[in-house]
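This report concerns only the one structure given below.
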Amino acid sequence: MIETLLLNVLFLLFPVLIAVMFFENKLTKSNKYILILLASIALIFCMAFPFTLELGFIFDLRYIPFIIVALFGSYKMVLPLYLVLNSYRFFIGGEGIYQSLMFSTVIFIVVPLLSKRFMQQSAKNRILYAVGVTFLVTAFYFFTLCFNYSDLTSEFWTLTVYAFVIHIIVVCIIMSLIEKVISNVKTRDLYFQSERLKDISDLSASIAHEIRNPLTVTNGFLQLLQESKTMTSEDKSYIEFSLKELERAEKIVSDFLTFSKPQSANMVYANLKDEIMYVENIMRPYSKMNQVGIQVCFTNSLKKKYDENQMRQCFINLFKNGIEAMKDNGGTLSIDVAEHNKNIVIKIEDNGIGMTSEEISQLGKPYYSTKKEGTGLGMLMVYNTISNVKGKIDVESIVGKGTTFLITIPV
Ligand code: ADP
Ligand code: MG
């Protein structure tokens with residue numbers, strides 16, 4: 001019994017192990033197919049080495065990879081497993097083929113329906129969710145068995161208890177490992193992201209400071225020159241132009257400085273309303289120009305300490321990206337700021353061109369841009385600002401449909 005259990009756990013651990021060793025960094029499409037293939041192999045091995053109890057009762061763990069793939073993926077992903085399971089079941093033969101076919105079809109139809117809810121859960125809840133689903137599937141299995149066996153002996157109940165305990169323990173182990181892998185990848189990405197931000201903010205701060213000094217000196221001398229009595233009015237207009245351009249250069253430099261540490265002079269304790277309204281106002285002309293409407297819904301009363309200029313710049317970047325994503329076909333940029341469990345939740349939704357998951361993973365990398373005149377610094381600044389207030393950003397996007405940025409800031 002214990003040997004079979006260990007063997008089965010090993011089969012099920014195999015795909016997880018391969019995922020950790022080879023695909024942890026990049027879960028591309030082809031890697032996903034390989035994982036499904038590995039899950040199918042695990043499923044076949046589970047069926048080939050079942051638990052055999054006295055009295056000829058047999059059960060195995062075939063539904064564990066099936067349920068896990070169904071919960072994490074969709075119908076498309078679990079379909080190969082469904083086919084493999086039933087083909088192999090036919091290959092084994094014996095009685096109960098049709099019951100097995102019917103049972104697996106029900107599971108195949110029902111479990112992926114839960115996938116969306118499942119994916120929205122936190123890691124811990126996902127483990128519980130998977131355990132719950134496994135429990136129900138096992139219960140359903142024994143419920144159907146009840147009809148085939150007329151006399152439910154005490155052995156039947158012993159088998160039931162064994163099967164429940166084994167299924168739940170194994171699902172707990174496998175799911176905990178999978179969630180651990182996912183959380184490790186996330187933590188590492190966050191770490192790299194913050195390292196990158198640190199580099200760029202140090203660099204931009206030092207360069208910006210260096211440039212600011214000569215700009216100030218030049219500015220001063222030009223102003224002195226402007227007061228000269230011997231100059232023609234034409235010369236004076238040149239100086240005026242130069243001063244204007246200098247001012248612009250200074251503005252760019254201070255924008256760059258928003259990458260660096262927040263300056264306490266700008267710190268405010270507020271609920272973001274002023275910043276959202278300010279940014280909405282200054283973005284109106286730009287949105288009109290691109291046939292985009294802006295809709296704001298503000299219901300947040302929670303307050304937070306943040307750098308006002310940085311926060312404004314952050315919203316400008318997000319709004320601007322949203323508008324730019326819709327500029328070919330028009331659309332509406334909806335902004336919703338609400339409170340939820342001591343978090344300020346900001347949702348910025350556009351119905352623009354959207355992004356692939358590959359593109360989403362590139363967001364926030366310095367100089368990553370798909371636009372002809374893009375700088376690829378906007379999202380970097382956004383991530384920097386939100387990480388300064390200990391918030392997190394979730395991105396959901398469908399190509400051709402639109403993008404939603406969900407920013408959660410704890411207070
Ligand atoms: P830039 O706007 O200068 O290109 P950003 O850092 O602001 O740089 O954005 C980086 C890239 O992220 C953009 O080039 C675009 O491909 C993508 N992106 C950002 N926001 C959106 C959005 N709302 N919809 C679609 N793509 C987006
Ligand atoms: Mg941008």
Side-chain angles (χ1 to χ4, degrees), residues 26 189-190 192-201 203-204 208 248 251-260 275-276 278-280 282-297 309-337 345-389 391-408:
K26 253 197 187 158
D189 283 355
L190 266 180
F192 281 141
Q193 178 82 16
S194 68
E195 277 296 294
R196 272 200 305 263
L197 285 174
K198 207 175 132 302
D199 287 350
I200 198 116
S201 76
L203 220 97
S204 60
R248 213 160 68 94
K251 215 184 137 298
I252 294 172
V253 169
S254 36
D255 274 358
F256 241 97
L257 270 177
T258 52
F259 280 121
S260 57
E275 289 69 36
I276 294 275
Y278 172 85
V279 174
E280 187 202 349
I282 64 166
M283 293 310 285
R284 277 233 179 262
Y286 189 64
S287 67
K288 271 211 185 109
M289 202 171 88
N290 292 298
Q291 276 92 43
V292 169
I294 302 186
Q295 234 173 36
V296 180
C297 172
N309 287 346
Q310 224 180 32
M311 202 51 90
R312 279 181 184 168
Q313 189 66 45
C314 163
F315 289 132
I316 291 176
N317 290 332
L318 284 167
F319 285 26
K320 199 161 160 276
N321 282 344
I323 295 168
E324 282 164 0
M326 293 188 279
K327 72 171 166 211
D328 290 332
N329 296 313
T332 310
L333 183 72
S334 2
I335 293 103
D336 181 65
V337 187
V345 180
I346 306 160
K347 201 163 100 178
I348 299 174
E349 195 174 358
D350 67 60
N351 30 47
I353 49 173
M355 286 174 274
T356 61
S357 49
E358 184 75 13
E359 283 169 336
I360 294 176
S361 68
Q362 299 286 325
L363 279 182
K365 286 192 182 153
Y367 314 118
Y368 166 73
S369 175
T370 54
K371 296 167 195 164
K372 221 163 70 193
E373 304 203 324
T375 58
L377 286 173
M379 286 308 297
L380 177 69
M381 200 265 151
V382 169
Y383 277 95
N384 190 16
T385 307
I386 301 304
S387 89
N388 279 343
V389 292
K392 70 176 175 99
I393 305 179
D394 292 304
V395 188
E396 259 177 45
S397 189
I398 300 174
V399 175
K401 279 254 171 79
T403 307
T404 307
F405 286 92
L406 195 69
I407 300 171
T408 316

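Throughout, numbering of the chain's residues begins at 1 and tracks the sequence. Every number for a ligand or one of its atoms is a count from 1 in the order of the listing. For the numbers below, each heavy atom of this structure counts, side chains included, while hydrogens, waters and symmetry mates do not. Note that this is a predicted model, so its numbers are computed, not measured.
- Residue contact annotation: Met379 places no N/O/S atom under 2.8 Å from the Mg ion (ligand 2).
- Residue-level proximity to ligand 1 for Thr370 is carried by backbone and side chain together, each with a heavy atom below 4.0 angstrom.
- At a 3.5 angstrom cut-off on N or O pairs, Gly378 counts as close to ligand 1.
- Taking atom 4 (O) of ligand 1 as the reference point, the nearest protein heavy-atom neighbour is Ser369 OG, 2.5 Å.
- Between Leu380 and Tyr367 the shortest side-chain heavy-atom distance does not fall below 4.5 Å.
- Two residues are said to be in side-chain contact when any heavy atoms from C-beta on lie closer than 4.5 Å; Arg284 and Ile294 meet this criterion.
- Atoms of ligand 1 lying under 4.0 Å from any heavy atom of Met355, numbered from 1 in the order shown and given with element: 17 (C), 18 (N), 21 (C), 25 (C), 26 (N), 27 (C).
- Taking every non-hydrogen atom of Phe405 and a distance limit under 4.0 Å, the qualifying atoms of ligand 1 come out as 20 (N), 23 (N).
- Side-chain contact check for Val345 versus Ile407: every heavy-atom pair is 4.5 Å or farther apart.
- Nearest to atom 10 (C) of ligand 1 by heavy atom, out of Tyr368, Tyr367, Phe319, is Tyr368.
- Applying side-chain contact (heavy atoms from CB on, under 4.5 Å) to Val292 and the options Asn351, Ile323, Thr332, Asn329 leaves one that passes, Ile323.
- Between Met379 and ligand 1, an N or O atom pair is found at a separation short of 3.5 Å.
- With contacts defined as side-chain heavy-atom distances shorter than 4.5 Å, the pair Val337/Ile335 qualifies.
- The nearest heavy-atom contact from the protein to atom 2 (O) of ligand 1 is Lys371 NZ, 2.8 Å.
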query = Does the pair Ile386 and Asn388 meet the rule for a side-chain contact (heavy atoms from CB on, under 4.5 Å), with working shown?
reply = CA-CA 5 Å; Ile386 301 304; Asn388 279 343; over 6 Å; no
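- Near Ala325, meaning under 4.0 Å from any of its heavy atoms, are these atoms of ligand 1: 22 (C), 24 (N), 25 (C).
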Could you go through Val279 and Lys320, starting from their C-alpha distance and side-chain angles, then the distance that decides it, and tell me whether this counts as side-chain contact (heavy atoms from CB on, under 4.5 Å)? CA-CA 10 Å; Val279 174; Lys320 199 161 160 276; over 6 Å; no
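- A donor-acceptor pair is defined here as one N or O able to donate and one able to accept, closer than 3.5 Å; such a pair exists between the side chain of Glu359 and the backbone of Thr356.
- In Val382, neither the side chain nor the backbone holds a heavy atom less than 4.0 Å from any atom of ligand 1.
- With a 4.0 Å cut-off on non-hydrogen atoms, Asp350 touches ligand 1 through its side chain and not its backbone.
- Residue Leu363 has at least one heavy-atom neighbour below 4.0 Å for each of these atoms of ligand 1: 12 (O), 17 (C), 19 (C).
- Between Gly376 and ligand 1, a contact under 3.5 Å exists for at least one N or O pair.
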Let me see the working for Phe405 and Ile346 under side-chain contact (heavy atoms from CB on, under 4.5 Å), right down to the final yes or no.
CA-CA 8 Å; Phe405 286 92; Ile346 306 160; over 6 Å; no
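- Of all protein heavy atoms, the one lying nearest to atom 3 (O) of ligand 1 is Thr375 N, 2.8 Å.
- One finds the CG atom of Asp350 at 4.5 Å from the OG1 atom of Thr403 (value rounded to the nearest 0.5 Å).
- For the pair Ser387 (side chain) and Lys392 (backbone), a donor-acceptor distance under 3.5 Å is absent.
- Closest protein heavy atom to atom 19 (C) of ligand 1: Asn321 ND2, 3.5 Å.
- Note on ligand 1: Thr403 sits in its first shell, one or more heavy atoms being nearer than 4.0 Å.
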